[in-house]
Amino acid sequence: MAHKIIIMDYSTCEVHIYDFDGMLDTGDAEDFVISKYSEHGQTFKEGQCEWMIVDLETTEGRLPIYIH
């Protein structure tokens, strides 16, 4: 499985992309998010970030991120 988790951190205005090998379970993803650190050494906090999991097999190996 080739999954990525994309975390949008509103408190620092950063977007982070990590490899994600966990189950596509909300609990696994939430645990993953709060265990990671931003570039500023802070953990991601609930209510200050949003995340999504991308299946690279479905998106033909591309991240569906577009800058307009």
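In this chain, residues are counted from 1 in sequence order.
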Can you tell me how the ring of Y66 sits relative to the ring of H68, calling it parallel under 30°, perpendicular over 60° and tilted otherwise?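 Tilted: the ring planes of Y66 and H68 meet at 30° to 60°.
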
Are [Y] and [X] co-members of a hydrophobic cluster defined by side-chain heavy atoms under 4.5 Å apart?
| X | Y | result |
| --- | --- | --- |
| Y10 | I65 | yes |
| M52 | I17 | yes |
| M8 | I53 | no |

Give me the atom names and distance for the closest heavy-atom approach of Q48 to D9.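 Heavy-atom minimum between the residues: O-OD1, 3.5 Å.
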
Could you pull out the closest heavy-atom pair between W51 and I5, with the gap in Å?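 The pair with the smallest heavy-atom distance is CE3-CD1, 4.2 Å.
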
Using side-chain heavy atoms (C-beta onward) and a distance below 4.5 Å, is L56 in contact with K4?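 Heavy-atom side-chain distance check passes, below 4.5 Å.
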
Could you go step by step and tell me if I7 and V15 meet the side chain to side chain contact (heavy atoms under 4.5 Å, CB included) rule? CA-CA 6 Å; I7 303 169; V15 176; over 6 Å; no

